[in-house]
Each structure stands twice: as structure tokens, then as C-alpha cells.
Amino acid sequence: MTVPNPVGLNTPVLSNIDQADIYGIEVDLDFVPNEHVEFYASLGFIDNEVEDSDPAFDGNEVAATPRWNYNLMGRLNYPLGGTGTVTLQASYSWQDDVFFGVDNDPLERFESYGVADARLIWRSMDEKYVLEAYVQNLSDEEYLVHSFTSGAAGGGAVGIWGLPRTYGIRATVNF
């Protein structure tokens, strides 16, 4: 939240709320039909409401708390005889829209988004050596991880973007 300072410019102010009612549920499911295939899914729901003596906050949503979210992951493990195991993994995470401030300023709100990732992993038989190729945020989704209103004259908001498509190779030696 921002308020005007004595010279007329907006100044960010940190405020605590009196109370919030929050309840929810999360369900996780693991399904492993055989030694080569794994599936994982989770679904979360959170309902929340701020209860505050300040009418600017009362009845608002708690900051950075998506109502719905889910995660999906599938993994295929393929043995390579005496040389180790190859694993192909794909995952997808989605979250509902959020406000980044308790005042629920529309400038601090961001829409729902989802991010897909993929990995190809080789592990030696003794798991001492691991080689992994990965791509995170496959579709190069643009999403905010935080936003706050600016103290600049005329207002506005400043946002911190999530990582763009990222890829690489990782090698690990376990001792």
C-alpha cells in the first residue's frame, strides 16, 4: 500500500492486519503402476478473508494466496542393463490469480499461470554419477512472483518476473 508523504509523493507503507480467517485442503495422489512408471498429482484449495478494523483491508484476500493450485508429474524409468538407468520426467504446475498486497490493489494483482518442465536423467548403477538435461518453463510463460505499488509520482507498480525458459545440463558426483 502507498500513501502520500508531506511533499506529495507516494510512499510505500508496511501494515499489519488484525486477523485473517484461512482454511483449505490439499490432496496428494501417488500412482506407481510398476517399477518403471510413476505419476504424482496434487490439488490445493485455500479460502481466506482478512478481518481488520481498517476498511481498506477488511474483507480482502490475504496477499500471495492463490485460491486454487495443482501440480502434475509423470516419470518413466528405463533400466540400461549394467550401465544405469535413464529417467524421463515431465511436470506441470498451475496456480490461481493472486494479489501481492493485502489492500488488494488491482496494480498488485496477477492472473493465474502454469509452468511446464522436462528432465532427462541418467544415473549410474551405484547412483554415484548423475547426468541431467533439463528445460524449465518450456512455453516461456511470463508470470510475476511479486509486485508492489511504486512510490513514484503518478503511481504505477513494480513487478518481479519469474524465470523465463531456462535449460541446461547438470553433472553430479555423489561421495
(request) Look up atom CZ in Arg109 and atom CZ in Phe99, then write down how far apart they are to the nearest 0.5 Å. (result) 5.5 Å
(request) Give a yes or no on whether the backbone of Glu49 and the side-chain of Asp21 come within a donor-acceptor separation of less than 3.5 Å. (result) no
(message) Within the structure provided, determine whether Phe31 and Tyr40 are in side-chain contact (heavy-atom separation under 4.5 Å).
(response) no
(message) In the structure I gave you, are the side-chain heavy atoms of Ile22 and Val62 within less than 4.5 Å of one another anywhere?
(response) yes
(request) Go through the structure and list residues passing ring pair (Phe, Tyr, Trp, His ring centres under 6.0 Å) with Phe100, not counting sequence neighbours. (result) His146
(message) By the definition side-chain contact (heavy atoms from CB on, under 4.5 Å), identify the one residue from Leu80, Val86, Thr85 that meets it with Thr83.
(response) Leu80
(message) Quick check against the 3.5 Å criterion: does Asn60 have a side-chain atom that pairs as donor or acceptor with the backbone of Val102?
(response) yes
(message) Using side-chain heavy atoms (C-beta onward) and a distance below 4.5 Å, is Ser42 in contact with Tyr70?
(response) no
(request) Determine yes or no for a side-chain-to-main-chain donor-acceptor pair under 3.5 angstrom, with Asn174 supplying the side chain and Tyr129 the backbone. (result) no
(request) Measure the shortest side-chain to side-chain distance between Arg123 and Thr87 over non-hydrogen atoms and say whether it is less than 4.5 angstrom. (result) yes
(message) Tell me whether Asp58 contacts the main-chain N or O of Asp52 through its side chain, where contact means a donor paired with an acceptor under 3.5 Å.
(response) yes
(message) Between Leu72 and Phe45, is there shared hydrophobic-cluster membership here, with clusters defined by ILVMFWY side-chain heavy atoms closer than 4.5 Å?
(response) yes
(request) Please step through side chain to side chain contact (heavy atoms under 4.5 Å, CB included) for the pair Phe39 and Val32, ending with a clear verdict. (result) CA-CA 6 Å; Phe39 295 103; Val32 183; over 6 Å; no
(message) Tell me whether Tyr167 shares a hydrophobic cluster with Leu163, the cluster being built from Ile, Leu, Val, Met, Phe, Trp, Tyr side chains joined at under 4.5 Å.
(response) no
(request) Would you check if Asp103 and Phe57 make a side-chain contact, meaning some heavy-atom pair closer than 4.5 Å? (result) yes
(request) Would you mind reporting whether Lys128 and Val173 have side-chain heavy atoms less than 4.5 Å apart? (result) yes
(message) Working to the nearest 0.5 angstrom, can you tell me the gap between Gln89 CD and Ile121 CD1?
(response) 5.0 Å
(message) Tell me whether Asn104 contacts the main-chain N or O of Gly101 through its side chain, where contact means a donor paired with an acceptor under 3.5 Å.
(response) yes
(request) Check whether any side-chain heavy atom of Glu38 lies under 4.5 Å from a side-chain heavy atom of Asn77, and answer yes or no. (result) yes
(message) Quick one, Tyr113 and Gln95 - any side-chain contact, counting heavy atoms below 4.5 Å?
(response) yes
(request) Assess whether side chain to side chain contact (heavy atoms under 4.5 Å, CB included) is satisfied between Glu111 and Asp96, documenting all intermediate values. (result) CA-CA 7 Å; Glu111 297 294 324; Asp96 214 347; over 6 Å; no
(message) I'd like to know whether Glu142 forms a side chain to side chain contact (heavy atoms under 4.5 Å, CB included) with Asp140, so could you lay out the CA-CA distance, the side-chain angles of the two residues, the decisive distance to 0.1 Å, and finally the verdict.
(response) CA-CA 6 Å; Glu142 293 182 347; Asp140 205 18; 6.0 Å; no
(message) I'd like to know if the side chain of Asp117 and the backbone of Asn137 have a donor-acceptor N/O pair within less than 3.5 Å.
(response) yes
(request) Verify the cluster assignment for Met125 and Leu131: are they in a single hydrophobic cluster under the rule of side-chain heavy atoms below 4.5 Å apart? (result) no
(request) Not counting sequence neighbours, which residues clear side chain to side chain donor-acceptor pair (under 3.5 Å) with Arg170? List them please. (result) Glu132
(message) With clusters defined by side-chain heavy atoms of hydrophobic residues (ILVMFWY) lying less than 4.5 Å apart, directly or transitively, does Val50 cluster with Ile46?
(response) yes
(request) State yes or no: do Val130 and Ile169 share one hydrophobic cluster built from I, L, V, M, F, W and Y residues joined by side-chain heavy-atom distances below 4.5 Å, directly or via other members? (result) no
(message) Distance check, rounded to the nearest 0.5 Å: Leu107 atom CG versus Ser147 atom OG?
(response) 7.5 Å
(request) Step through the shown structure and confirm whether more than 12 heavy atoms of other residues, nucleotides or ligands are within 6.0 Å of CG on Leu29. (result) yes
(message) Tell me which one of Asn48, Asp97, Asp47 satisfies side-chain hydrogen bond (donor to acceptor under 3.5 Å, both in side chains) with Arg67.
(response) Asp47
(message) I'd like to know if the side chain of Arg165 reaches the main chain of Leu138, judged simply by a donor and an acceptor atom lying under 3.5 Å from each other, with no hydrogens or angles considered.
(response) yes
(request) Give me the ring orientation class for Trp161 and Phe110: parallel if the planes are under 30° apart, tilted from 30 to 60°, perpendicular past 60°. (result) perpendicular
